[in-house]
Amino acid sequence: MTITSPHLGSSDVWTDARLLYALEEVVEKELNRHLKVAKDWMPHEYVPWSDARNFPGLFEDGEAWEPQQSKVTDIGKIALVVNLLTEDNLPSYHHEIASLFGRDGAWGTWVHRWTAEEGRHGIVMRDYLLASRAVDPDKLEQFRMAHMAEGFESDNRHSMLHSVAYVAFQELATRISHRNTGHQSGDPVCDRMLARIATDENLHMVFYRNLLGAAFELAPDLTMQAVRDVVVGFRMPGHGMPGFERAAAQMAIGEIYNMRIHHDDVLQPVLRYLKVLDIDGLGPEGLKAQEELGLYMGGLDSEASKFDEKLAARKARMVARGKA
């Protein structure tokens with residue numbers, strides 16, 4: 001991508017309000033495209049209801065939860081809880097983007113449509129976990145209450161461009177996390193459910209990625225700075241949930257989401273599609289941000305390689321112990 005437009009990236013030219021107005025037609029176009037390709041689906045059709053039975057409580061015949069009642073793998077259970085708790089914060093996410101993008105016009109229509117589609121994900125995942133008895137229902141509810149009671153504030157709520165840049169990467173990160181969780185779950189029913197969710201997340205990523213591309217055309221310097229800031233400081237939206245650091249470490253070792261996956265399957269595809277590191281015609285601040293972004297990606301790749309080596313060594317030790 002070669003951009004030779006005037007440098008309109010300075011803060012005295014582009015405000016959030018002006019950018020929202022300037023991108024309205026792009027949002028409408030992307031919304032119409034999304035509505036044509038998105039398919040409605042029924043959460044209840046992905047849940048193994050025949051496996052369900054009463055828990056203790058109001059029902060005298062309730063059966064207490066036991067870990068062995070589910071075929072889901074240990075790493076699958078950990079990732080499913082993290083993924084569901086992340087989805088549980090949808091009310092806060094809706095508040096964040098509705099406050100930033102507005103509730104009117106194409107922007108508002110997208111905000112509400114996105115929220116409605118995301119709502120399915122939490123519904124189907126919780127129903128699956130309870131019906132299949134994959135996790136302790138009491139602990140799951142306790143985690144949900146603790147997580148939501150903490151509230152949520154986006155790291156990028158100060159800037160419309162930062163927010164668009166963040167969700168372009170975050171939606172893909174969520175897709176990858178769901179898809180890999182399904183692969184590692186050990187349950188074909190779970191795998192199909194998460195594949196359906198991942199399809200939605202990919203469409204959401206495409207919407208925001210294309211919007212980010214349009215922002216580069218309008219304000220290349222500001223958009224480049226936003227992308228640099230988001231990539232360097234990226235955190236998943238569920239980072240504040242109870243036990244997140246430990247769960248994230250386990251998911252990294254379990255190859256559901258780690259530095260290599262983050263670099264290769266989340267950051268690189270978006271940067272490559274938009275040709276972010278090849279954009280020309282930037283002003284001094286935009287060029288500096290582009291250079292810093294390139295350096296960061298190189299450093300992340302090196303760190304990911306070190307992680308790969310440690311993970312391979314760990315696997316070798318486990319194989320050796322298994323043979324002993």
Side-chain angles (χ1 to χ4, degrees), residues 1-27 30 93 96-97 99-102 107 110-111 152-174 204-237 239 259 262-304:
M1 181 190 298
T2 301
I3 297 176
T4 57
S5 58
H7 302 305
L8 301 178
S10 59
S11 58
D12 60 332
V13 175
W14 285 114
T15 63
D16 277 2
R18 285 197 64 196
L19 282 166
L20 286 167
Y21 179 79
L23 289 169
E24 178 89 19
E25 290 186 8
V26 180
V27 172
E30 290 301 316
Y93 306 150
E96 290 276 342
I97 65 171
S99 298
L100 190 63
F101 297 153
W107 280 104
W110 166 254
V111 166
F152 172 82
E153 287 188 342
S154 169
D155 294 334
N156 303 288
R157 62 189 180 279
H158 63 286
S159 161
M160 174 267 186
L161 277 179
H162 282 72
S163 296
V164 170
Y166 176 75
V167 288
F169 295 107
Q170 179 266 320
E171 293 284 3
L172 183 52
T174 304
H204 297 164
M205 178 277 294
V206 171
F207 177 95
Y208 287 119
R209 183 197 64 191
N210 293 350
L211 190 58
L212 185 61
F216 267 116
E217 295 288 346
L218 285 173
D221 290 338
L222 275 182
T223 305
M224 185 67 72
Q225 293 171 70
V227 169
R228 174 205 55 198
D229 294 345
V230 164
V231 168
V232 171
F234 186 88
R235 296 195 296 175
M236 290 294 274
H239 60 81
M259 280 191 289
H262 184 61
H263 177 277
D264 290 359
D265 300 336
V266 176
L267 299 181
Q268 282 284 32
V270 175
L271 296 176
R272 188 183 304 116
Y273 182 88
L274 297 177
K275 298 182 174 62
V276 173
L277 296 178
D278 298 322
I279 291 176
D280 199 3
L282 296 167
E285 291 301 314
L287 184 59
K288 177 184 176 184
Q290 186 182 51
E291 292 173 347
E292 291 175 347
L293 178 62
L295 289 172
Y296 177 81
M297 289 299 293
L300 181 62
D301 187 33
S302 297
E303 289 298 312

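Side chains included, hydrogens not; waters and symmetry mates left out as well; all remaining heavy atoms used.
Between W110 and Y208, the side chains place a donor N or O and an acceptor N or O closer than 3.5 Å (distance only, hydrogens not considered).
Using a 4.5 Å heavy-atom threshold, the side chains of Q170 and V230 count as separate. At least one side-chain heavy atom of F234 sits less than 4.5 Å from a side-chain heavy atom of M236. Contact annotation: the side chain of V27 never approaches that of F101 to less than 4.5 Å [non-hydrogen atoms, C-beta and beyond]. Side-chain contact between L100 and D16 is present, with at least one heavy-atom pair separated by less than 4.5 Å. Within the 4.5 Å cutoff, the side chain of E96 has heavy atoms near those of the E153 side chain. Using a 4.5 Å cut-off on side-chain heavy atoms (C-beta onward), V227 and L293 make contact. Side-chain contact between F207 and V167 is absent, with no heavy atoms from C-beta onward closer than 4.5 Å.
When all heavy atoms are compared, the tightest approach of D264 to P269 is O-CD, 3.3 Å. When every heavy atom of P237 is checked against every heavy atom of F152, the shortest pair comes out as O-CE1, 3.5 Å. Considering every non-hydrogen atom in both V270 and A168, the closest pair reads CG2-O, 3.9 Å.
Interatomic distance, L222 CG to W14 CH2, rounded to the nearest 0.5 Å: 9.5 Å. The structure places CG of D301 at 10.5 Å from CE of M259, a figure rounded to the nearest 0.5 Å. To the nearest 0.5 Å, atoms CD (E217) and OG1 (T223) are separated by 10.0 Å. Taking NE2 of H263 as the reference point, atom CG of L300 lies at 5.5 Å (rounded to 0.5 Å). A distance of 9.5 Å separates CD1 in I97 from CH2 in W107, rounded to the nearest 0.5 Å. Expressed to the nearest 0.5 Å, how far CE of M224 lies from CG of L274 amounts to 9.5 Å.
Checking side-chain atoms of R157 against main-chain N and O of S154 turns up a donor-acceptor pair under 3.5 Å.
The cationic atom of R228 (NZ for Lys, CZ for Arg) does not lie both less than 6.0 Å from the six-membered ring centre of Y296 and within 45° of the ring axis.
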I'd like a table of donor-acceptor pairs (distance under 3.5 Å, sequence neighbours excluded) in which one partner is a side-chain atom from residues 158-166, with atom names and distances.
{"from": "S159", "atom 1": "OG", "to": "L161", "atom 2": "N", "distance (Å)": "3.3"}
{"from": "S159", "atom 1": "OG", "to": "H162", "atom 2": "N", "distance (Å)": "3.1"}
{"from": "S159", "atom 1": "OG", "to": "H162", "atom 2": "ND1", "distance (Å)": "2.8"}
{"from": "H162", "atom 1": "NE2", "to": "D229", "atom 2": "OD2", "distance (Å)": "2.9"}
{"from": "S163", "atom 1": "OG", "to": "N156", "atom 2": "O", "distance (Å)": "2.8"}
{"from": "S163", "atom 1": "OG", "to": "S159", "atom 2": "O", "distance (Å)": "3.0"}
{"from": "Y166", "atom 1": "OH", "to": "R235", "atom 2": "O", "distance (Å)": "2.6"}

Under 3.5 Å, which donor-acceptor pairs link side chains of residues 282-290 to any protein atom two or more places apart or in another chain?
{"from": "Q290", "atom 1": "NE2", "to": "V276", "atom 2": "O", "distance (Å)": "2.9"}
{"from": "Q290", "atom 1": "NE2", "to": "L277", "atom 2": "O", "distance (Å)": "3.4"}
{"from": "Q290", "atom 1": "NE2", "to": "I279", "atom 2": "O", "distance (Å)": "3.0"}

> Checking side chain to side chain contact (heavy atoms under 4.5 Å, CB included) for the pair L23/L218: CA distance, chi angles, key distance, verdict?
Replying inline: CA-CA 9 Å; L23 289 169; L218 285 173; 3.6 Å; yes
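The number of heavy-atom neighbours closer than 6.0 Å to CD of E25, taken from other residues, nucleotides and ligands shown, is 12 or below.
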